[in-house]
Peer 1: 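Questions regarding the structure given below will be posed in turn.
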Amino acid sequence: MTLGVIGKKLGMTQIFDEQGLAIPVTVVKVDKMVVTQVKTVAKDGYNAIQVGTIAAKEKHLTKAEIGHFKKNNLENYRHLQEFRVENPENYKVGDEVALSVLDSVEKVDVTGTSIGKGFQGTVKRHNFSRGPMGHGSKNHREPGSIGAGTTPSRVIKGKRMAGNMGNERVTITKLKLVKVDADNRLVLIKGSVPGSDGRLVTIVPTRTKWN
Amino acid sequence: MNPTIDELEKTYLKSEIPAVNTGDTVKVFVKIIEGNKERIQAFEGTVIKKHGAGVNKTITVRKVFQGVGVERVFLINSPRIDKINVLRRGDVKRSKLYYLRERSGKATRIREKIETK
């Protein structure tokens, strides 16, 4: 993963481009991002930088976290995240990560936590078909057979069943980066982005090739 | 809505939009780009619906052309809309005039609103 930005999803709206077409966009607000640790192959086995964002009060942090920030005379941050980088010697602890990392980037990958749907049945969760609603049928939204009987006398692993849906890490690739507003620290991405408003999303230059 | 998004939307709002209400007869001038030429086409009809707010505000304009009902939805803050002229104010008791779709001829007339001060 190359260096990107972490921001708060504010919501969606639409803007007009030069041709006057309306483009649906998700607005992401990027707070101050500071390098909190530099990891190198020699010391940690891999090259990465750890970035902190969203200012926090001490009462919301553990002693270990407070110590981690105090050691380097940093402010307190609520969210810490690592980005793999190729040359960690270009960064030092305390540096600010500027929005300019998204300069000249056309498409981005956006990672977030999807909206939790709770415990859902197979119809909603796995797109199973439902049974007839009438004509004496009592098989409305049942999962149907979950396997053979005495042989193998168990349910095979990975059988799609009812359970918790959503609230998982989701990445959407190749979203068009419409605009980066450095003054207001806003990033506009075409289309929708995982998660509910107010949740954090990670935006990195896309690793997928496109035509 | 988020205040930051409101601020962002403001930069895309037009400064001058005439107050359009359902029942009004309007003439909408739309910019049409063909190749690299730009021309303006007018669409005249009755506003049967107002929808949305802010950047997303649209009006639906209905007219009957050669016996066929035509409805167009205009995103009124769009730069593709050159201007909107209100030709006549209508006095209606509905916010959505879907009933006009089932009517034709004289039955589609709308009473004119008389401004009282």
Side-chain angles (χ1 to χ4, degrees), chain A residues 5-33 53-55 78-79 99 102 108 110 112-113 115 175-203, chain B residues 1-18 20 26-45 47-61 70-85:
Chain A
V5 296
I6 307 159
K8 192 181 268 187
K9 174 177 169 181
L10 296 183
M12 289 191 72
T13 181
Q14 61 188 13
I15 63 168
F16 299 106
D17 68 2
E18 313 82 56
Q19 287 150 28
L21 298 172
I23 304 172
V25 291
T26 304
V27 184
V28 177
K29 171 98 178 171
V30 179
D31 240 39
K32 187 181 171 190
M33 285 171 53
T53 188
I54 314 285
R78 195 174 274 253
H79 183 79
L99 267 179
L102 293 178
V108 291
V110 182
T113 309
I115 297 174
L175 291 174
K176 194 176 172 208
L177 188 64
V178 178
K179 196 176 167 191
V180 178
D181 183 349
D183 297 333
N184 299 314
R185 296 189 70 81
L186 298 178
V187 179
L188 306 188
I189 302 155
K190 184 179 176 184
S192 57
V193 150
S196 49
D197 293 352
R199 297 286 281 268
L200 289 181
V201 292
T202 308
I203 305 162
Chain B
M1 180 83 82
N2 189 294
T4 317
I5 294 183
D6 279 347
E7 250 351 271
L8 177 75
E9 283 188 357
K10 267 182 202 157
T11 60
Y12 290 94
L13 292 178
K14 281 183 186 170
S15 52
E16 284 175 28
I17 295 171
V20 179
V26 293
K27 196 167 187 178
V28 184
F29 296 84
V30 195
K31 285 181 197 161
I32 292 179
I33 297 159
E34 287 167 333
N36 42 17
K37 267 190 190 166
E38 194 181 276
R39 65 183 178 85
I40 286 176
Q41 192 186 61
F43 188 89
E44 191 179 327
V47 178
I48 63 162
K49 177 187 188 179
K50 286 200 296 177
H51 165 267
V55 177
N56 188 28
K57 197 170 189 176
T58 64
I59 56 171
T60 303
V61 182
V70 179
E71 283 178 19
R72 273 188 81 173
V73 182
F74 295 105
L75 197 56
I76 60 176
N77 279 295
S78 166
R80 289 247 176 138
I81 305 286
D82 190 44
K83 61 177 175 182
I84 299 173
N85 286 353

Peer 1: Taking side chain as C-beta onward, heavy atoms only, is D197(A) less than 4.5 Å from N2(B)?
Peer 2: no
Peer 1: Counting heavy atoms not belonging to K57(B), are there more than 12 under 6.0 Å from its NZ?
Peer 2: no
Peer 1: Please find the pair of heavy atoms, one from M12(A) and one from I5(B), that lie closest to each other, and give the distance.
Peer 2: N-CD1, 4.2 Å
Peer 1: Would you compute the distance between atom CG of L186(A) and atom CD of E7(B) and round it to the nearest 0.5 angstrom?
Peer 2: 10.5 Å
Peer 1: Contact part of L8(B) toward chain A, heavy-atom cut-off under 4.5 Å: side chain, backbone, both or neither?
Peer 2: side chain
Peer 1: Locate the shortest heavy-atom distance separating Q14(A) from L75(B); write the atom from each residue and the value.
Peer 2: NE2-CD1, 3.6 Å
Peer 1: Do you know the tightest heavy-atom contact between F16(A) and V55(B)?
Peer 2: CE1-CG1, 3.7 Å
Peer 1: Closest approach of S78(B) and G20(A), non-hydrogen atoms and distance?
Peer 2: OG-O, 3.4 Å
Peer 1: Evaluate the side-chain proximity of Y12(B) to T13(A): yes if any heavy-atom separation is below 4.5 Å, no if none is.
Peer 2: no
Peer 1: Would you indicate whether K27(B), at its atom NZ, is surrounded by more than 12 heavy atoms from other residues, nucleotides or ligands within a distance under 6.0 Å?
Peer 2: no
Peer 1: If every non-hydrogen atom of R80(B) is compared with every non-hydrogen atom of Q19(A), which pair is closest and at what distance?
Peer 2: NE-O, 2.8 Å
